[in-house]
2 protein chains.
Amino acid sequence: MAHAPGPLDELDRKIIAALTANARTSFAEIGTAIGLSATAVKRRVDRMRETGVITGFTATVRPAALGWRTEAYIEVYCDGAAPPRRIAEVVRRYPEITAAMTVSGGADALLHVRATDVEHFEEVLERIRTESFIRKTISYMVLSHLIPDSPEAGAGSSAVQGYGLDEPGSPTR
Amino acid sequence: MAHAPGPLDELDRKIIAALTANARTSFAEIGTAIGLSATAVKRRVDRMRETGVITGFTATVRPAALGWRTEAYIEVYCDGAAPPRRIAEVVRRYPEITAAMTVSGGADALLHVRATDVEHFEEVLERIRTESFIRKTISYMVLSHLIPDSPEAGAGSSAVQGYGLDEPGSPTR
DNA sequence: CCTGAAAGATCGGGCGA
DNA sequence: TCGCCCGATCTTTCAGG
């Protein structure tokens, strides 16, 4: 939680590369790969967590396997003074909203939404549109991913995920 | 790599929740938490990796700490027949493009881009705009994230990340 | 499908260079 | 900062219900 990132050397970067490739790689294995002892690797990892460079370790899951089969981005246009704080409060109430940010350009905010299916998405969209300060929305349904593994992880400062128990109970079947 | 996801029971979901919260949680700990032996937990995790439910384990990193301080979404409008395959090929050549997808709505594709700074982003954008089939682009610079931890991980079927050694050599300093 | 046992690897703290 | 040492814990395979 400290905040003194301090420059990372090449060893730190290699450690990060190893851990992003596989978060469960042992410190010993990383160590032999980069010419350091397991202890030294662990210390560096601890320090990077301390300073907020590494914000966590997470399993990546195929959302469809958990029942989230629909994905969309929503541009949000707000009334006059749209205080980001207000938007943030509202947005946090939706488990379907997995990312939200203010943006420059036409829209005030951009939301990333996951839903079980199109019906569910429509329901979420309608709920969002009734929020007091929202003037207009434009939705982009995601059709297909062009990059097999779209990282995007750590877009904010991710540490905990936890989409999985929120809503859908129907696996791939 | 097999593909027969087969329904997940509640135990599987709890294991996923534990591993997304912290990918380095030991099987033993997960086991005691959900009332299973470490062996049983491992077997279930192995199976879920096998069937593609869990696609990998990754460290989440604060991009700014690695030198990626600028983030944007780009709507791409293509000429006439815009074959997704063609777009995918091109898009894969850009290390700065961390996610790309085809979308319904006005635009043909939506790109997520990370750059070291605004100058770098402008340079990337200009390169993208010279691609043969692109007619028009609209950029949204990300100003601030409204959800502290925007998961988004596993948007596709993530297993490896690896942004970190591609370009920027300048840490936080 | 599960548990339990056992061998080897890993973790994590302490200590000295 | 590092590497080495060591007890506790974890991983992984195997046998058995």
Side-chain angles (χ1 to χ4, degrees), chain A residues 1-61 65-66 159-160 164 169-173, chain B residues 1-61 65-66 159-160 169 171-173:
Chain A
M1 276 107 172
H3 268 268
L8 306 176
D9 62 21
E10 194 174 344
L11 257 23
D12 289 324
R13 290 174 180 276
K14 285 181 179 170
I15 291 172
I16 290 172
L19 287 175
T20 51
N22 178 5
R24 289 183 77 96
T25 311
S26 73
F27 297 142
E29 186 178 333
I30 297 173
T32 60
I34 68 176
L36 229 50
S37 72
T39 312
V41 174
K42 181 202 183 304
R43 268 196 291 257
R44 281 167 178 263
V45 171
D46 285 346
R47 196 201 67 220
M48 289 192 281
R49 298 206 56 173
E50 224 22 67
T51 56
V53 173
I54 295 175
T55 55
F57 302 100
T58 183
T60 56
V61 174
L66 293 176
V160 178
S170 43
T172 306
R173 103 189 45 209
Chain B
M1 270 108 174
H3 270 265
L8 306 176
D9 63 19
E10 195 174 343
L11 257 22
D12 289 324
R13 289 174 179 276
K14 285 180 179 173
I15 291 172
I16 290 172
L19 287 175
T20 50
N22 179 6
R24 288 184 78 95
T25 311
S26 73
F27 298 145
E29 185 178 333
I30 296 172
T32 61
I34 68 176
L36 231 51
S37 69
T39 310
V41 174
K42 179 195 187 307
R43 203 181 13 253
R44 282 167 178 262
V45 171
D46 286 345
R47 199 200 66 221
M48 288 192 281
R49 297 206 55 173
E50 201 61 38
T51 56
V53 174
I54 294 175
T55 55
F57 302 100
T58 182
T60 55
V61 174
L66 291 177
V160 178
T172 306
R173 96 187 47 210

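A, B, ... follow the sequence lines: proteins, then strands. Residue 1 opens every chain. All values derive from a computational prediction rather than experimental measurement.
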Problem set entry | Check: D9(B) and R44(B) side chains under 4.5 Å, non-hydrogen atoms | yes
Exercise. Can you name the salt bridge (Lys or Arg N to Asp or Glu O under 4.0 Å) partners of R43(B), sequence neighbours left out?
Worked result: none
Under 3.5 Å, side-chain donor or acceptor atoms of residues 23-30 of chain A against the rest of the protein: list the pairs with distances, not counting sequence neighbours.
from: R24(A); atom 1: NH1; to: A23(B); atom 2: O; distance (Å): 2.6
from: R24(A); atom 1: NH1; to: T25(B); atom 2: O; distance (Å): 3.0
from: T25(A); atom 1: OG1; to: N22(A); atom 2: O; distance (Å): 2.6
from: S26(A); atom 1: OG; to: E29(A); atom 2: N; distance (Å): 3.1

Exercise. Would you say V53(A) and D12(A) make side-chain contact, with heavy atoms under 4.5 Å?
Worked result: no
Seminar exercise, completed: Taken to the nearest 0.5 Å, the spacing of M48(B) CE from T55(B) OG1 works out to 12.0 Å
Seminar exercise, completed: Rounded to 10°, the angle between the first-five-pair and last-five-pair axes of the helix from dC1(C)-dG17(D) to dA17(C)-dT1(D) is 30°
Exercise. Does V41(A) or T25(B) map to a spot on DNA chain D nearer the 5' end, using the closest nucleotide for each?
Worked result: V41(A)
Exercise. What pairs of residues pass the side-chain hydrogen bond (donor to acceptor under 3.5 Å, both in side chains) test when at least one of them lies in residues 31-42 of chain B, not counting sequence neighbours?
Worked result: K42(B)-D46(B)
Problem set entry | Gap between atoms CG and P, on D46(B) and dC2(C) respectively (whole Å) | 13 Å
Seminar exercise, completed: Of all heavy-atom pairs linking A17(B) and T20(B), the shortest is O-OG1, 3.0 Å
For this session: Look at all strands and tell whether R44(A) reaches a base, only sugar-phosphate, or nothing, counting heavy atoms closer than 4.0 Å.
Result: sugar-phosphate
Problem set entry | Contact list for DNA chain D against residues 29-39 of chain A - heavy-atom distance below 4.0 Å | L36(A), S37(A), T39(A)
Exercise. How far apart are the closest heavy atoms of V41(B) and G31(B), and which atoms are they?
Worked result: CG2-CA, 3.6 Å
Seminar exercise, completed: Taking every heavy atom of L8(B) against every heavy atom of R47(B), the minimum-distance pair comes out as CD2-NH2, 4.2 Å
Seminar exercise, completed: Students should find that the nucleotides of DNA chain D closing off the region near chain A, any atom under 4.0 angstrom from a heavy atom, are dC2(D) to dT11(D)
For this session: Grab the two heavy atoms, one from T60(B) and one from F57(A), that are nearest each other, plus how far apart they are.
Result: OG1-N, 4.3 Å
For this session: Compare every heavy atom of I34(A) with every heavy atom of I15(A), then report the nearest pair and how far apart it is.
Result: CG1-CD1, 3.6 Å
Exercise. Using a cut-off of 4.0 Å on non-hydrogen atoms, how would the nucleic acid contact of R24(A) be classed: base, sugar-phosphate, or nothing?
Worked result: sugar-phosphate
Seminar exercise, completed: On DNA chain C, more 5' by nearest nucleotide between S26(A) and R43(A) is S26(A)
